[in-house]
Enquirer: 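Take this structure, written in structure tokens, and hold onto it; I'll ask about it next.
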Amino acid sequence: MIIILKPEIDQQELENLMTWLRNMGLEIHMSEGANTTIMGLVGDTSTVDINLLRALDCVADVKRIQEPFKKANRKFHPQDSVITLSSSDDKGNSFEAKIGGGHFMTIAGPCSVESPEQISAIAAAVKSSGAQALRGGAFKPRTSPYAFQGMQAEGIELLQEARKATGLPIVTEIMDLNQLDYFDDVDVIQVGARNMQNFVLLRELGKIRKPILLKRGFAATIEELLMSAEYLMAGGNEQVILCERGVRTFEPLTRNTLDLSAIPIIKELSHLPVVVDPSHATGVARYVRPMSLAAVAAGADGLLIEVHNSPKTALCDGQQSITPEEFDRLAKDIDAMRIAIGQCNS
């Protein structure tokens with residue numbers, strides 16, 4: 001249920017209303033916009049008398065929400081959420097990047113961290129091309145138990161060294177709660193497709209106060225993705241970035257099928273920013289550019305792109321990684337596309 005408040009309401013009347021609602025066992029989520037203030041109610045609202053609420057001097061209207069996700073719902077939070085990443089390099093220079101609300105973010109880097117030389121070279125290259133954050137896998141979920149599983153704790157240390165050199169915030173994936181201590185100094189924790197419905201993990205990540213990049217599961221519906229975001233937000237962590245990375249279909253010519261229609265649908269249903277991962281969605285490097293531009297045209301708030309300085313020798317997913325030179329050309333094309341569709345150049 002949401003309560004739309006009148007402008008310039010009496011503060012004491014508002015406090016009395018909030019006390020009354022909390023005494024009914026309801027949680028209150030306030031969202032203040034430029035012209036409207038909305039009070040979202042979370043909990044069992046079945047006994048709340050809508051007509052009584054509408055009769056109050058401070059209330060403009062009351063509406064029930066049918067969707068099972070509340071805090072991720074745009075009706076609770078009409079304005080787009082903006083998430084800010086802050087970091088600094090070893091020279092003391094500070095960097096800030098935003099995503100959502102007209103701010104676009106490109107996150108680039110290798111599928112997995114392989115060596116100090118590899119990650120430092122790629123980090124420098126993608127930064128020079130305009131990337132705002134560095135991605136890199138340290139703990140790697142692999143289908144085969146014999147495949148490269150990542151450098152793990154050492155991989156995170158190498159990402160942190162790359163951040164010191166470039167100032168780029170780092171994004172890397174967590175696979176298990178036992179790894180959480182390693183992520184204290186990670187800027188964005190990624191929850192992969194395999195863990196989208198790991199509700200125990202989501203509940204714990206909801207207790208921390210740093211951005212979470214939540215990927216859509218292989219066969220998850222949009223509502224299931226938003227419900228997973230709700231687990232994070234119900235714990236108090238509202239810094240959630242949603243990621244469309246393709247769903248599994250019967251088509252064998254791509255790794256997955258990129259669901260571009262999810263972008264406008266999610267943005268209609270939710271205020272959370274949406275990024276697209278064309279690398280995992282297609283699994284083919286030559287398709288990354290057209291799918292990236294299509295995602296921008298569809299309204300994505302950002303892109304998550306795999307970049308490797310030697311894709312042919314990559315220890316993980318080289319076939320879907322583009323080179324730094326290809327990323328540089330793509331970054332220019334992304335800027336041109338954003339200008340063409342009238343997005344602000346943020």
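No hydrogens, no waters, no symmetry mates; every other heavy atom, side chains included, goes into these values. Quantities reported herein were computed from a predicted structural model and do not represent experimental measurements.
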Enquirer: Hey, any chance F95 and I241 share a hydrophobic cluster, counting ILVMFWY side chains that come within less than 4.5 Å of each other, even indirectly?
Expert: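 Hydrophobic grouping puts F95 apart from I241.
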Enquirer: Fit a plane to each ring of H29 and H77, take the angle between them on a 0 to 90° scale, and name the class: parallel (under 30°), tilted (30 to 60°) or perpendicular (over 60°).
Expert: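 Rings of H29 and H77: tilted, 30 to 60°.
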Enquirer: Please report the closest heavy-atom contact between F139 and A153, naming both atoms and the distance.
Expert: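 Between these two residues, the closest heavy atoms are CZ-N, 3.8 Å.
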Enquirer: Determine whether a donor-acceptor pair (N or O, by modelled atom type, separation under 3.5 Å) exists between the side chain of Q190 and the backbone of G192.
Expert: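 Flag not set: sc Q190 to bb G192 has no pair under 3.5 Å.
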Enquirer: Assigning hydrophobic clusters by single linkage (Ile, Leu, Val, Met, Phe, Trp, Tyr; side-chain heavy-atom cutoff under 4.5 Å), is F327 placed with M337?
Expert: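 Yes, one cluster joins them.
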Enquirer: Specify the closest pair of heavy atoms between A72 and L272, including all atoms of both residues, with the distance to one decimal.
Expert: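 Looking at all heavy atoms of both residues, the closest pair is CB-CD1, 4.1 Å.
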Enquirer: Taking everything shown except Y182 itself, do over 12 heavy atoms lie less than 6.0 Å from its OH?
Expert: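 Count not over threshold, so no.
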Enquirer: For S129, run the side-chain contact (heavy atoms from CB on, under 4.5 Å) check against V307, L330, D328 and tell me which one passes.
Expert: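 Running side-chain contact (heavy atoms from CB on, under 4.5 Å) over V307, L330, D328 with S129 returns exactly one hit, D328.
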Enquirer: Where do I208 and I189 land on the side chain to side chain contact (heavy atoms under 4.5 Å, CB included) test, with the steps shown first?
Expert: CA-CA 10 Å; I208 67 175; I189 299 177; 3.6 Å; yes
Enquirer: Does CZ belonging to R54 count more than 12 external heavy atoms closer than 6.0 Å?
Expert: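 Counting neighbours around CZ of R54, more than 12 heavy atoms of other residues, nucleotides or ligands fall under 6.0 Å, so yes.
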Enquirer: Examine distances only and state if a side-chain atom of K210 and a backbone atom of F183 form a donor-acceptor pair shorter than 3.5 Å.
Expert: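 Between the backbone of F183 and the side chain of K210 there is a qualifying donor-acceptor contact (under 3.5 Å).
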Enquirer: L5 and side-chain contact (heavy atoms from CB on, under 4.5 Å): which single residue from E13, E32, M30 fits?
Expert: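 Result for side-chain contact (heavy atoms from CB on, under 4.5 Å) with L5: M30.
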Enquirer: Considering all heavy atoms of both residues, which atom of H271 and which atom of S81 are nearest to each other, and what is their separation?
Expert: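 Heavy atoms of H271 and S81 come nearest at ND1-OG, 2.7 Å.
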Enquirer: What's the shortest heavy-atom distance between P273 and I83, and which atoms?
Expert: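 What the structure gives for the nearest pair is CG-CD1, 3.9 Å.
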Enquirer: Quick check: does any side chain N or O of S94 sit under 3.5 Å from a backbone N or O of S88, one acting as donor and the other as acceptor?
Expert: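 Between the backbone of S88 and the side chain of S94 there is no qualifying donor-acceptor contact (under 3.5 Å).
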Enquirer: Quick check: does any side chain N or O of K140 sit under 3.5 Å from a backbone N or O of C111, one acting as donor and the other as acceptor?
Expert: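 Indeed, once roles are kept as given, a pair shorter than 3.5 Å links the two residues.
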Enquirer: Between E27 and K70, does any NZ, NE, NH1 or NH2 come within less than 4.0 Å of an OD or OE carboxylate oxygen?
Expert: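 Salt bridge: no.
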Enquirer: Which distance, rounded to the nearest 0.5 Å, do you find between the OG of S270 and the CG of N73?
Expert: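 It comes to 7.5 Å.
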Enquirer: Yes or no on side chain to side chain contact (heavy atoms under 4.5 Å, CB included) for M18 and R22, after CA distance, side-chain angles and deciding distance?
Expert: CA-CA 6 Å; M18 294 174 70; R22 289 191 177 110; 3.3 Å; yes
Enquirer: Decide side chain to side chain contact (heavy atoms under 4.5 Å, CB included) for Q197 and L202; before the verdict, give the C-alpha distance in whole Å, the side-chain angles of both, and the deciding distance to 0.1 Å.
Expert: CA-CA 8 Å; Q197 290 185 309; L202 296 179; 6.0 Å; no
Enquirer: Please tell me whether I4 and L14 are part of a single hydrophobic cluster in this structure, the criterion being side-chain heavy atoms less than 4.5 Å apart.
Expert: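 No, separate clusters.
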Enquirer: Taking the side chain as everything from C-beta on, heavy atoms only, tell me whether V276 gets closer than 4.5 Å to M291.
Expert: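 No. Closest side-chain heavy atoms not under 4.5 Å.
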Enquirer: Pick one: which of R255, R135, R245 meets salt bridge (Lys or Arg N to Asp or Glu O under 4.0 Å) with E306?
Expert: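 Among the candidates, only R135 passes.
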Enquirer: Which heavy atom of I122 sits nearest to which heavy atom of G109, and what is that distance?
Expert: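 It is CG2-CA, 4.1 Å.
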Enquirer: To the nearest 0.5 Å, how far apart are CE in M196 and CZ in R216?
Expert: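 M196 CE to R216 CZ: 8.5 Å, rounded to 0.5 Å.
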Enquirer: Testing the basics here: between C243 and D277, what is the closest heavy-atom pair and its distance to 0.1 Å?
Expert: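 Result for this residue pair: SG-CB, 3.9 Å.
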Enquirer: Under the criterion side-chain contact (heavy atoms from CB on, under 4.5 Å), which of L158, L315, I170 is the partner of V113?
Expert: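 For V113, the side-chain contact (heavy atoms from CB on, under 4.5 Å) test succeeds with only one of L158, L315, I170, which is L158.
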Enquirer: Kindly check if the number of other-residue, nucleotide or ligand heavy atoms within 6.0 Å of CZ (R248) is above 12?
Expert: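 Result for CZ/R248: open.
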Enquirer: I'd like to know if R163 pairs up with D89 as an ion pair, taking the criterion as any Lys NZ or Arg NE/NH1/NH2 lying under 4.0 Å from an Asp or Glu carboxylate oxygen.
Expert: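 Salt bridge absent between R163 and D89.
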Enquirer: Look only at the side chain of N195 and the backbone of N198, and say whether a donor-acceptor pair between them is shorter than 3.5 Å.
Expert: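 No, because the side chain of N195 does not come within donor-acceptor range (under 3.5 Å) of the backbone of N198.
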Enquirer: Answer whether the closest heavy-atom distance between the side chains of Y287 and L258 falls below 4.5 Å.
Expert: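 Heavy-atom side-chain distance check fails, nothing below 4.5 Å.
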Enquirer: Under 4.5 Å between any side-chain heavy atoms of N237 and K207, yes or no?
Expert: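 Result no, sub-4.5 Å side-chain heavy-atom pair not found.
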Enquirer: Any non-hydrogen side-chain atom of V62 less than 4.5 Å from a side-chain atom of V48?
Expert: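 A side-chain contact is absent here, since even the closest heavy-atom pair is not under 4.5 Å.
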Enquirer: Taking it one step at a time, do E67 and K75 satisfy salt bridge (charged side-chain N to carboxylate O under 4.0 Å, His left out)?
Expert: CA-CA 10 Å; E67 297 89 356; K75 293 174 185 175; 3.4 Å; yes
Enquirer: Between the main-chain N or O of V191 and the side-chain N or O of R194, is there a donor-acceptor pair closer than 3.5 Å?
Expert: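 Looks like no, no N/O pair under 3.5 Å.
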Enquirer: Hydrophobic clusters here meaning ILVMFWY residues chained together by side-chain heavy-atom distances under 4.5 Å, can you tell me if I265 and V240 are in one?
Expert: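 In one cluster with I265: V240, yes.
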Enquirer: Should we say atom NZ of K6 is surrounded by more than 12 heavy atoms from elsewhere, each under 6.0 Å from it?
Expert: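 Correct, the count exceeds 12.
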Enquirer: Side-chain contact, heavy-atom cut-off 4.5 Å: V59 with L17?
Expert: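 The answer is yes, as the side chains (C-beta and beyond) meet within the 4.5 Å cut-off.
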Enquirer: Tell me whether E238 contacts the main-chain N or O of M233 through its side chain, where contact means a donor paired with an acceptor under 3.5 Å.
Expert: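 Flag not set: sc E238 to bb M233 has no pair under 3.5 Å.
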Enquirer: Measure the spacing between CG of L303 and CD of Q132 and express it to the nearest 0.5 Å.
Expert: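 Going from CG on L303 over to CD on Q132, the span is 10.0 Å.
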Enquirer: Heavy atoms, side chains only, cut-off 4.5 Å: are L53 and W20 in contact?
Expert: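 Yes, their side chains come closer than 4.5 Å.
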Enquirer: Return the OG to CG distance between S321 and N309, rounded to the nearest 0.5 Å.
Expert: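 Here the interatomic distance stands at 10.0 Å.
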Enquirer: Contact between D187 and P211 at the side-chain level, heavy atoms closer than 4.5 Å - yes or no?
Expert: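 Contact flag for D187/P211 side chains = no.
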Enquirer: Ignoring hydrogens and geometry, is there a side-chain-to-backbone donor-acceptor pair from E114 to I119 under 3.5 Å?
Expert: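 It does not hold such a pair.
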Enquirer: Are the side chains of S87 and L168 in touch, meaning some heavy atoms are under 4.5 Å apart?
Expert: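 Side chain of S87 against side chain of L168, heavy atoms only: no contact under 4.5 Å found.
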Enquirer: Using the rule given for side chain to side chain contact (heavy atoms under 4.5 Å, CB included), can you reason through V296 versus D333, listing the C-alpha separation, both sets of side-chain angles and the distance that settles it, and then say yes or no?
Expert: CA-CA 10 Å; V296 174; D333 291 341; over 6 Å; no
Enquirer: Should the pair E96-K98 be classified as a salt bridge under the 4.0 Å nitrogen-to-oxygen rule?
Expert: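 Between K98 and E96 there is a salt bridge, with a charged N closer than 4.0 Å to a carboxylate O.
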Enquirer: Atom CG of N51 and atom CG of L56: how far apart are they, to the nearest 0.5 Å?
Expert: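 Reported to 0.5 Å precision, the distance equals 11.0 Å.
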Enquirer: Judged by atom type as modelled, is there a donor-acceptor pair below 3.5 Å linking the side chain of D10 to the main-chain atoms of C58?
Expert: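 Answer holds: no.
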Enquirer: So how far is it from F104 CZ to R338 CZ, rounded to the nearest 0.5 Å?
Expert: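 It is 6.0 Å, given to the nearest 0.5 Å.
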Enquirer: Is it true that F76 and M39 fall in one hydrophobic cluster, defined by side-chain heavy atoms closer than 4.5 Å?
Expert: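 No, separate clusters.
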Enquirer: Spell out, as yes or no, whether a donor-acceptor pair under 3.5 Å connects the side chain of E326 to the backbone of I322.
Expert: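 Not at all, since once roles are kept as given, no pair shorter than 3.5 Å links the two residues.
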